[in-house]
Visitor: 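The structure follows.
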There are 2 protein chains.
Amino acid sequence: MAKFPKIPEATIRRLSSYLKCMVDLESKNEKVASSAVIANICNVNAAQVRKDFAYFGEFGIRGMGYNVKDLKRHIKEILGINREWRIAVIGVGNMGSALLVYKDFLKQNYKIVAAFDLYPEAVIGRISERVGKPVEILHIDRLKEVVQARNIEIGIITPPPTEAQKVADQLIEANIKGILNFSPAPVRTTGNVKLRNLFFTSALDNLVYYLSN
Amino acid sequence: MAKFPKIPEATIRRLSSYLKCMVDLESKNEKVASSAVIANICNVNAAQVRKDFAYFGEFGIRGMGYNVKDLKRHIKEILGINREWRIAVIGVGNMGSALLVYKDFLKQNYKIVAAFDLYPEAVIGRISERVGKPVEILHIDRLKEVVQARNIEIGIITPPPTEAQKVADQLIEANIKGILNFSPAPVRTTGNVKLRNLFFTSALDNLVYYLSN
DNA sequence: CCTTTTATTTTCATATATGTAACAATTCCG
DNA sequence: CGGAATTGTTACATATATGAAAATAAAAGG
């Protein structure tokens with residue numbers, strides 16, 4: 001999509017946070033926000049905020065600040081989330097089934113269009129009676145077929161640690177573009193399949209370190 | 001606890017990742033691991049690995065590598081997770097109830113000793129028939145009382161965005177030490193209550209940016 | 001309608017933090 | 001005891017954050 005010079009990774013990380021901030025301000029009917037306001041909400045330095053945006057153009061109005069709606073649109077465009085992304089969830093345990101009905105994904109154009117498990121029958125009981133059936137749970141053998149048929153680009157995986165790499169390999173084989181790994185096990189990707197890990201305990205570890213020191 | 005000179009934040013983040021790596025290697029009965037092996041698993045530079053550990057002492061053996069068990073113990077000690085941390089979960093929706101039975105917390109000495117919700121009765125149906133009752137679900141009005149009675153130091157919050165700040169304030173009022181926020185809403189803490197956010201969509205946003213660019 | 005003031009961005013300069021590479025020092029093993 | 005392996009450490013390079021000056025749009029006042 002858009003081609004930007006050389007954007008710090010740290011800036012990209014913060015953009016998500018700014019976006020959440022914009023959504024929040026919009027819900028409060030704020031029309032404009034200064035870098036100082038945004039910085040305060042996001043717990044960063046105001047100069048940082050301005051510099052981050054300046055990488056992508058001149059979005060602000062001197063003397064005024066940033067237009068909330070515009071900025072939100074800009075950030076979405078920069079991140080590439082101004083369109084729908086089709087996602088599969090693999091591993092429908094407790095965490096996986098919570099993700100299937102996670103409302104925030106939908107709000108942001110992240111659409112879960114398939115779910116897979118080794119024991120689909122066992123899963124049915126777990127989620128259907130509570131939240132209806134958001135998507136049909138398929139056997140993992142159908143992964144490749146369905147990923148291709150449904151144009152799925154991202155796989156969110158929540159398998160037991162021992163299965164994590166196997167599942168990742170199956171996704172790679174199915175020509176997935178990116179994997180978001182919730183399983184606390186090291187996973188490796190090949191080709192140019194992008195990987196992000198989301199470890200709950202790491203967030204706690206980090207918190208605890210700063211509580212202890 | 002331990003007093004170290006000045007450790008980069010980035011190093012602290014990686015320590016969690018190294019720890020997972022050690023757990024994995026241990027489960028595979030590996031006794032020692034070189035910085036190169038660790039680096040490979042954790043997707044970082046080998047020099048980085050050595051430097052990270054060197055901040056805290058000389059844990060390795062030249063010519064050999066690092067003893068897996070020892071290193072694991074050292075990392076836990078550095079992070080402060082060589083003891084039990086008592087945690088409360090506030091907001092027992094789909095995500096909250098998944099967290100209540102999340103096995104990885106237990107493995108790492110993170111113990112959820114209380115759960116709170118605005119509608120405890122409504123929650124019972126949701127989780128009890130599936131996974132038993134890991135902890136009793138209490139009304140949020142009892143937060144302060146129970147946090148103090150049970151020596152709870154950390155609160156994990158998963159409320160609807162509109163309630164996030166209110167819940168955080170109640171925890172602060174209850175003298176909590178740290179908050180891990182799963183709710184996609186800006187939350188602020190006062191005093192020296194530490195806050196970490198864990199946003200699912202941010203992980204996806206990041207992935208998508210690098211898929212698009 | 002022009003001028004001044006004010007708030008705030010943009011841009012540039014500087015400081016700090018982090019990552020990488022190179023190498024001497026150490027240990028193991030045959 | 002010599003060679004192969006791998007760490008600990010220092011020096012360098014890059015990335016990121018912060019601060020301060022210059023620019024400019026809007027609002028206020030005459």
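Sequence lines set the chain letters: A, B, ... in the order given, protein chains first and strands last, and positions in each chain run from 1.
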Visitor: What pair of heavy atoms forms the shortest contact from A/Leu204 to B/Phe105, and how long is it?
Guide: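 Answer, listing the atom of A/Leu204 first, then B/Phe105: CD1-CE2, 3.5 Å.
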Visitor: Protein-nucleotides 28-30 of chain D N/O pairs closer than 3.5 Å?
Guide:
none

Visitor: Which pairs, protein N/O on one side and nucleotides 6-8 of chain D N/O on the other, fall under 3.5 Å?
Guide:
from	atom 1	to	atom 2	distance (Å)
D/dT6	O4'	B/Gly63	N	3.0
D/dT6	O2	B/Gly63	N	3.3
D/dT7	OP1	B/Ser35	N	2.6
D/dT7	OP2	B/Ser35	OG	2.6
D/dT7	O2	B/Arg62	NH1	3.4
D/dG8	OP1	B/Phe59	N	3.3
D/dG8	OP1	B/Gly60	N	3.0
D/dG8	OP2	B/Tyr66	OH	2.7
D/dG8	O4'	B/Arg62	NH2	2.9
D/dG8	O3'	B/Glu58	OE2	3.1
D/dG8	N7	B/Arg50	NE	3.3
D/dG8	O6	B/Arg50	NE	3.4
D/dG8	O6	B/Arg50	NH2	3.3

Visitor: Identify the two heavy atoms, one from B/Tyr55 and one from B/Pro8, that lie closest to each other, and give their separation to 0.1 Å.
Guide: OH-CG, 3.4 Å
Visitor: May I ask you to say whether B/Glu77 pairs ionically with B/Arg73, meaning some side-chain N is under 4.0 Å from a carboxylate O?
Guide: no
Visitor: Kindly give the heavy-atom pair with the smallest separation between A/Val37 and A/Ala33, and that separation in Å.
Guide: CG1-CB, 4.4 Å
Visitor: Return yes if the base of C/dT20 and the side-chain atoms of B/Lys51 contain a donor-acceptor N/O pair under 3.5 Å, otherwise no.
Guide: yes
Visitor: Roughly, in whole Å, what's the span from CZ in A/Phe56 to P in C/dT9?
Guide: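 Answer to the nearest Å: 17 Å.
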Visitor: Extract all donor-acceptor atom pairs below 3.5 Å that involve side chains of residues 57-68 of chain B and protein atoms in other chains or at least two apart in sequence.
Guide:
from	atom 1	to	atom 2	distance (Å)
B/Asn67	OD1	B/Lys69	N	3.0
B/Asn67	OD1	B/Asp70	N	3.0

Visitor: Rounding to an integer number of Å, can you tell me how far B/Ile7 CD1 sits from C/dT18 P?
Guide: 11 Å
Visitor: Under a 4.0 Å N-O cut-off, is there an ion pair linking A/Glu153 with A/Lys177?
Guide: yes
Visitor: Among B/Val167, B/Val135, B/Val146, B/Ile157, which residue meets the side-chain contact (heavy atoms from CB on, under 4.5 Å) test with B/Phe116?
Guide: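 The single option meeting the side-chain contact (heavy atoms from CB on, under 4.5 Å) with B/Phe116 is B/Val146.
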Visitor: Determine the contact category for B/Arg13: base if any of its heavy atoms lies under 4.0 Å from a base atom, sugar-phosphate if only primed atoms, P, OP1 or OP2 are that close, otherwise nothing.
Guide: nothing
Visitor: Rounded off to whole Å, could you give me the CD-to-C1' distance for the A/Glu9 and D/dA17 pair?
Guide: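 Atom CD in A/Glu9 sits about 16 Å away from atom C1' in D/dA17.
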Visitor: Identify each donor-acceptor pair in which a side-chain atom of residues 16-25 of chain A lies under 3.5 Å from a protein atom, sequence neighbours left out, and give them as a table.
Guide:
from	atom 1	to	atom 2	distance (Å)
A/Ser16	OG	B/Asp205	OD2	3.0
A/Tyr18	OH	A/Asp52	OD2	2.6
A/Lys20	NZ	B/Thr201	OG1	2.7
A/Asp24	OD2	A/Lys28	NZ	2.9

Visitor: Look at all strands and tell whether A/Ala47 reaches a base, only sugar-phosphate, or nothing, counting heavy atoms closer than 4.0 Å.
Guide: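 Base, at least one base atom sits under 4.0 Å.
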Visitor: Can you tell whether the side chains of B/Glu84 and B/Lys76 come within less than 4.0 Å, N to carboxylate O?
Guide: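 B/Lys76 and B/Glu84: not salt-bridged.
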Visitor: Which of residues 20-27 of chain A have a heavy atom under 4.0 Å from DNA chain D?
Guide: none
Visitor: Could you state the atom-to-atom distance from CD1 of A/Ile38 to C1' of C/dT10 in whole Å?
Guide: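 The answer, rounded to whole Å, is 15 Å.
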Visitor: Measure CG/A/Leu71 against C1'/C/dT9 and give the value in whole Å, please.
Guide: 13 Å
Visitor: Regarding A/Asn206 and B/Arg196, do their side chains bring together a donor and an acceptor under 3.5 Å, going by distance alone?
Guide: yes
Visitor: Could you list the donor-acceptor pairs under 3.5 angstrom formed between side-chain atoms of residues 178-192 of chain A and any protein atom two or more places apart in sequence or on another chain?
Guide:
from	atom 1	to	atom 2	distance (Å)
A/Asn181	OD1	A/Ser183	N	2.9
A/Asn181	ND2	A/Ser183	O	3.0
A/Asn181	ND2	A/Ala185	O	3.4
A/Asn181	ND2	A/Asn197	OD1	2.9
A/Ser183	OG	A/Pro159	O	3.4
A/Arg188	NH1	B/Asn40	O	2.3
A/Arg188	NH1	B/Asn43	OD1	3.4
A/Thr189	OG1	A/Val193	O	2.8

Visitor: Given D/dA15, C/dT20, D/dT18, which nucleotide is nearest the side-chain atoms of A/Gln48?
Guide: D/dT18
Visitor: To the nearest Å, give me how far apart NE2 (A/His74) and C1' (C/dT9) are.
Guide: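 Result: 14 Å.
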Visitor: What heavy-atom pair brings A/Leu100 and A/Ala115 nearest, and what distance separates the two atoms?
Guide: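 Residues A/Leu100 and A/Ala115, closest heavy atoms: CD2-CB, 3.9 Å.
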Visitor: Taking only side-chain N and O atoms of A/Arg14, does any of them lie within less than 4.0 angstrom of OP1 or OP2 on D/dT16?
Guide: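 It does not, given that no N or O in the side chain of A/Arg14 lies less than 4.0 Å from OP1 or OP2 of D/dT16.
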Visitor: Could you give the CG-to-C1' distance, from B/Asp52 to C/dA17, as a whole number of Å?
Guide: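 The answer, rounded to whole Å, is 13 Å.
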